[in-house]
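The structure appears right after this line, and notes come after that.
Throughout, numbering of the chain's residues begins at 1 and tracks the sequence.
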Amino acid sequence: MVVIFFKETLHMNALVINCSPVKNGATALIVSTISDKISERFQTKSICIGDFDFGFCKGCRTCHNTARCIQHDDVSEIMILFEWAYIIVSVSPSYWADVPGQFKAFIDRCTPWCNTHVPHASLSSGKRGYSVALRTGPNMKECERIIGTIEHFYGHLEIECCGSLGLCSIEYKDNVQSRMNEILEFCNRIS
């Protein structure tokens with residue numbers, strides 16, 4: 001009997017992040033839709049930022065010298081998933097014209113991995129990042145601001161920004177269905 005083991009490769013892994021702490025709203029539905037669609041091509045994991053427990057950045061700058069945070073909490077678990085993934089898709093609603101505070105706190109805590117100082121920890125190279133922003137109002141400028149925040153974050157982690165989608169006038173899950181074609185088309189561009 002011959003047993004063949006297939007080694008999981010980085011290029012087959014995708015992480016989809018619900019940047020909202022709400023696990024059953026419009027953002028969660030979009031995360032689920034994207035995860036389901038791209039799982040046809042990638043081994044996919046989805047997470048909700050609200051499922052993780054971590055503190056705020058203390059601004060101590062210790063990581064600027066050590067490439068490590070002084071806090072030991074769930075940020076490390078999330079960064080293990082970032083390392084595992086080749087594709088990272090961040091899906092964020094608008095909370096006062098930007099990403100939710102929970103996701104912003106996570107971004108702040110990623111300073112040890114950011115290329116803003118030396119030494120710094122780093123992720124494997126070649127990762128591809130995508131972003132989706134949704135908001136209740138009709139102004140696309142607010143979606144662009146959210147996408148800008150996520151892409152700025154990706155840039156400092158040296159994740160290539162490869163695509164984005166802005167969705168206005170989505171407040172509840174019921175509003176997502178009428179935008180499903182746009183979401184599925186976006187999924188087709190993830191590679």
Side-chain angles (χ1 to χ4, degrees), residues 5-23 27-28 30-93 99-132 146-147 149-164 187 190-191:
F5 293 96
F6 292 96
K7 185 178 178 190
E8 184 179 297
T9 64
L10 177 69
H11 294 284
M12 297 172 60
N13 300 334
L15 176 65
V16 186
I17 306 166
N18 179 349
C19 301
S20 164
V22 180
K23 298 179 192 181
T27 304
I30 294 168
V31 166
S32 175
T33 300
I34 292 171
S35 294
D36 289 347
K37 182 65 176 169
I38 68 173
S39 68
E40 298 167 3
R41 294 176 286 138
F42 301 101
Q43 180 174 334
T44 306
K45 293 182 183 181
S46 59
I47 61 171
C48 178
I49 200 69
D51 288 339
F52 296 88
D53 185 28
F54 53 85
F56 294 114
C57 175
K58 297 184 180 298
C60 69
R61 297 180 184 234
T62 299
C63 64
H64 289 210
N65 298 312
T66 65
R68 290 191 192 112
C69 185
I70 61 168
Q71 300 181 70
H72 303 284
D73 53 26
D74 288 353
V75 168
S76 298
E77 289 181 40
I78 301 170
M79 293 312 289
I80 288 169
L81 293 171
F82 267 65
E83 180 59 34
W84 169 84
Y86 165 65
I87 299 288
I88 298 167
V89 183
S90 298
V91 184
S92 178
V99 297
Q102 293 85 345
F103 191 66
K104 177 58 169 76
F106 166 67
I107 290 172
D108 291 346
R109 287 290 307 286
C110 287
T111 301
W113 290 268
C114 289
N115 62 6
T116 55
H117 57 279
V118 176
H120 64 82
S122 60
L123 297 170
S124 297
S125 63
K127 295 181 184 298
R128 298 170 61 84
Y130 296 83
S131 52
V132 178
I146 294 163
I147 291 165
T149 295
I150 295 168
E151 289 184 347
H152 184 84
F153 170 55
Y154 285 164
H156 283 299
L157 291 177
E158 299 182 2
I159 296 169
E160 180 184 359
C161 299
C162 295
S164 62
C187 291
I190 295 174
S191 62

### Query
Do Ser46 and Ser32 come close enough that some side-chain heavy atom pair is under 4.5 Å?
no
### Passing candidate, side chain to side chain contact (heavy atoms under 4.5 Å, CB included) with Ser92, options Val132, Val99, Ile30
Val99
### Message
For a side chain to side chain contact (heavy atoms under 4.5 Å, CB included) check, start with the C-alpha distance between Asp108 and Phe56, then their side-chain angles and the critical distance, and finish with the verdict.
### Response
CA-CA 8 Å; Asp108 291 346; Phe56 294 114; over 6 Å; no
### Query
Parallel, tilted or perpendicular for His120 and His117, by the 30°/60° rule?
perpendicular
### Query
Between SG of Cys19 and CD1 of Ile150, what distance do you get to the nearest 0.5 Å?
5.0 Å
### Query
Which heavy atom of Cys110 sits nearest a heavy atom of Met79, and at what distance?
SG-SD, 3.7 Å
### Query
Is there a donor-acceptor pair under 3.5 Å between the side chain of Tyr130 and the backbone N or O of Val16?
no
### Query
Quick one: does Ile49's side chain get under 4.5 Å of Phe54's, heavy atoms only?
yes
### Nearest non-hydrogen partners of Ile146 and Pro93, listed with the distance
CD1-O, 3.9 Å
### Query
Do the side chain of Arg109 and the main chain of Cys69 share a donor and acceptor less than 3.5 angstrom apart?
no
### Atom pair CD1/CD1 of Ile38 and Ile190 - distance to nearest 0.5 Å
5.0 Å
### Query
Is atom CZ of Arg61 surrounded by more than 12 heavy atoms (other residues, nucleotides or ligands) closer than 6.0 Å?
no
### Query
side chain to side chain donor-acceptor pair (under 3.5 Å) with Lys58: which residues, sequence neighbours excluded?
none
## Note on the structure
Heavy-atom closest pair (Val22 atom, Ala28 atom, distance to 0.1 Å) is O-CB, 4.1 Å
### Message
Could you tell me if the side chain of Lys45 sits less than 4.5 Å from the side chain of Asn13, heavy atoms only?
### Response
no
### Summary
Across all chains, not counting sequence neighbours, the side chain to side chain donor-acceptor pair (under 3.5 Å) partners of Asp36 are none
### Task
Check the angle between the aromatic planes of Tyr86 and Phe42 and answer parallel, tilted or perpendicular using the 30° and 60° thresholds.
tilted
#### Entry: Working for side chain to side chain contact (heavy atoms under 4.5 Å, CB included), residues Ile78 and Phe82
CA-CA 6 Å; Ile78 301 170; Phe82 267 65; 3.8 Å; yes
### Task
Find the distance between OG1 (Thr116) and CG (Leu157) and round it off to the nearest 0.5 Å.
9.5 Å
### Query
With sequence neighbours excluded, what pairs up with His156 under the side chain to side chain donor-acceptor pair (under 3.5 Å) test?
Asn115, His152
### Query
At their closest point, which heavy atom of Trp84 faces which heavy atom of Gln43, and how far apart are they?
CH2-O, 3.3 Å
#### Entry: With Thr149 via side chain to side chain donor-acceptor pair (under 3.5 Å) - residues at least two apart
Asp98
#### Entry: Value rounded to 0.5 Å, distance of CG in Asn18 from OG in Ser35
9.5 Å
### Query
CD1 of Ile147 to OG of Ser90: how many Å apart, nearest 0.5 Å?
11.0 Å
### Task
Report the C-alpha distance between Phe153 and Lys104 in whole Å, list the side-chain angles of each, state the deciding distance to 0.1 Å, and finish with yes or no for side chain to side chain contact (heavy atoms under 4.5 Å, CB included).
CA-CA 10 Å; Phe153 170 55; Lys104 177 58 169 76; over 6 Å; no
### Query
Looking only at heavy atoms, which two atoms of Cys187 and Lys37 are closest? And how far apart?
CB-CG, 3.5 Å
### Query
Side chains of Tyr154 and Ser131: do they bring a donor and an acceptor to under 3.5 Å?
no
### Query
CD of Glu83 to CG of Leu15: how many Å apart, nearest 0.5 Å?
12.0 Å
### Message
Run the salt bridge (charged side-chain N to carboxylate O under 4.0 Å, His left out) test against Glu158 and tell me which residues pass, sequence neighbours left out.
### Response
none
### Message
Apply side chain to side chain contact (heavy atoms under 4.5 Å, CB included) to residues Ile47 and Ile17 and explain how you reach the verdict.
### Response
CA-CA 5 Å; Ile47 61 171; Ile17 306 166; 4.1 Å; yes
#### Entry: Minimum-distance pair of heavy atoms, taken over all atoms of Thr44 and Ser39
OG1-CA, 3.4 Å
### Task
Would you please name every residue forming a salt bridge (charged side-chain N to carboxylate O under 4.0 Å, His left out) with Asp51, sequence neighbours left out?
Lys23
